[in-house]
Amino acid sequence: MNYRRLVLDPLIDRNPVMLQVLGVCSALAVTRELLPALIMGVAVICVLAYTNVAVSLIRRVMPHSIRLVLEVTLIASAVIVVDEALKAFAPDISRVLTVFVGLIVTNCIVLGRAESFALHNRVVPSLLDGIGNGLGYALVLAAVGAVRELLGAGSLLGYRVFTPVAEGGWFEPNQLMHQPASAFFLVAALIWIARSLRHRLVEPADGRAPWRRQEHTGGPGHGGLE
Amino acid sequence: MSTERFGRTLVVAFAVALFCSLVVSAAVTFLRPIQLAWAEIERNRVVLELAGLLKAADAASDREVALRFREIEALKVELWDGTRAELFLHGEGASRRLVLPVEGDGMWAPISGYIALEGDCNTVAGLTFTEHGETPGIGDRIMNPAWRASWVGKQAFDRAGNVALGPGGDPAHGFDAISGATVTVNAVTRMVARHLGDEGYGPFLARCRAGETPR
């Protein structure tokens with residue numbers, strides 16, 4: 001099992017947001033500024049890593065009938081811990097993120113990786129897969145957050161980059177960037193860029209998922225690498 | 001499902017639930033004191049602003065809030081239900097300010113905040129809410145600085161010593177009503193009246209108005 005590919009693939013080639021279009025909801029809401037977007041990315045990485053390890057550890061004893069319930073229990077408790085930790089160590093950011101940290105429970109990426117990878121793989125690969133997918137998600141959030149903050153406020157991480165007209169400069173803040181819809185457009189642009197850079201990611205005319213093209217033995221349980 | 005598999009399902013479910021509860025409880029137990037410390041700084045920030053010691057309260061750093069809060073004097077007063085409320089005082093004579101906590105049930109959730117009185121223990125100097133669950137866009141207009149400003153300068157007590165603050169046109173005691181938010185405004189009126197009245201800080205404020213130094 002190629003550990004390096006587990007972590008690096010989800011960054012572009014198998015990015016959960018750009019390729020599988022998972023976890024987009026929070027990408028819209030928390031990316032008005034770069035810092036909350038980064039903190040949210042870190043939160044998701046932590047939840048993904050913990051959940052993948054936990055599910056992988058109990059995958060052999062987990063009864064099939066209650067497996068989803070157990071996975072969601074693990075995810076929810078991880079999210080609670082992350083939420084409380086944010087409230088304790090970064091209360092200002094926590095107030096900006098409000099309910100969206102709690103909504104990580106519903107983030108499709110977390111349950112998706114638990115079901116399609118952690119359930120069928122050993123602990124260390126699951127951990128790396130969780131971190132890799134979290135990094136891919138964080139990358140998208142960082143890109144969208146950076147563009148929205150730069151074009152919407154002329155700053156990055158709170159530091160002034162362009163001087164706005166209101167302070168005697170030349171920069172006219174783009175009001176669209178303050179709206180959640182702008183994140184939609186930016187994610188779409190990212191998807192476009194990703195597929196232009198990696199042509200093999202474009203879906204074939206018969207609608208098969210692009211990554212299936214690479215594998216001979218792709219099956220529903222084999223989201224992992226051979 | 002056979003009995004054996006059913007039993008195993010129960011055991012695994014219980015074990016996972018137990019583990020998760022332990023993890024969450026441990027985390028919260030450890031993190032709660034840190035969160036409370038932050039909450040106290042935020043509360044102190046509100047009190048300092050109402051006491052007139054911080055102009056741009058949001059811009060002040062946490063360190064500044066902690067330092068300046070040492071200038072505030074705190075007093076405890078017992079309320080109707082036996083709990084002790086903490087009052088904050090600052091200054092002497094005409095520039096004296098009292099910051100009094102008020103809380104009560106709002107329309108959907110408890111509302112809590114602080115009301116500031118001037119040295120005469122009668123004129124309202126400010127009002128801020130720190131927590132509420134009121135309807136966004138309607139009830140939460142109690143957070144609007146313009147509405148809160150309509151309380152400033154009003155007399156809390158009438159000649160008879162009763163709390164007379166309420167929505168309406170009374171030039172001495174009336175603050176602005178909020179159309180569409182009657183329940184919320186009534187809740188605020190009630191909780192201010194209860195806290196400033198005889199059940200709460202009333203006796204303390206009466207002594208203050210009579211000219212005694214608060215102790």
Side-chain angles (χ1 to χ4, degrees), chain A residues 29 39 43 46-47 49-99 101-102 104-105 110-111 114-115 118-119 123 158 160 167, chain B residues 1-46 56-66 108-109 128-134 136-137 140 143:
Chain A
I39 304 284
C46 294
V47 172
Y50 169 87
T51 307
N52 268 21
V53 165
V55 170
S56 179
L57 277 172
I58 61 173
R59 73 187 186 282
R60 290 199 203 278
V61 297
M62 226 190 320
H64 218 66
S65 49
I66 58 168
R67 121 189 147 266
L68 275 173
V69 176
L70 294 178
E71 285 164 7
V72 174
T73 307
L74 288 166
I75 297 173
S77 53
V79 169
I80 293 176
V81 171
V82 167
D83 197 9
E84 293 293 312
L86 271 179
K87 281 191 208 151
F89 296 114
D92 294 328
I93 305 285
S94 176
R95 255 172 264 136
V96 173
L97 292 175
T98 51
V99 294
V101 179
I104 297 177
V105 178
V110 188
L111 195 57
E115 276 279 286
L119 207 49
V123 177
R160 195 68 48 254
E167 290 174 22
Chain B
M1 203 189 308
S2 70
T3 337
E4 182 203 290
R5 282 178 84 187
F6 182 69
R8 203 186 92 166
T9 304
L10 278 186
V11 169
V12 174
F14 180 76
V16 172
L18 182 64
F19 173 73
C20 290
S21 358
L22 286 175
V23 166
V24 173
S25 313
V28 171
T29 309
F30 174 70
L31 295 170
R32 192 59 86 215
I34 308 177
Q35 294 171 353
L36 288 176
W38 285 116
E40 194 175 318
I41 295 190
E42 285 318 296
R43 191 242 8 222
N44 293 353
R45 189 187 298 263
V46 167
D58 289 332
S61 71
D62 296 337
R63 194 158 171 272
E64 205 182 319
V65 169
W108 304 111
T128 305
F129 295 102
T130 50
E131 235 180 271
H132 73 87
E134 302 309 285
D140 74 352
M143 302 292 284

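Below, chains carry the letters A, B, ... as their sequence lines are ordered, and counting in each starts from 1. All figures in this text were calculated on a predicted structure; none of them were measured in a lab.
Looking at A:L74, the atoms closer than 4.5 Å to chain B (heavy atoms on both sides) sit in the backbone and in the side chain alike. Contacts between B:V24 and chain A at a heavy-atom distance below 4.5 Å involve backbone atoms as well as side-chain atoms.
The closest donor-acceptor contact from the side chain of B:R32 to the backbone of A:E84 lies at 3.5 Å or more, if one exists at all.
Closest heavy-atom contact between B:Q35 and A:K87: NE2-CB, 3.5 Å. Minimum heavy-atom separation, B:W38 to A:A88: NE1-O, 2.6 Å. In terms of heavy atoms, A:L70 sits closest to B:A13 at CD2-CA, 4.0 Å.
Contact of the B:V12 side chain with the A:I58 side chain is not registered, since no non-hydrogen atoms from C-beta on lie closer than 4.5 Å.
Between A:D92 atom CG and B:E42 atom CD the span is 7.0 Å, to the nearest 0.5 Å.
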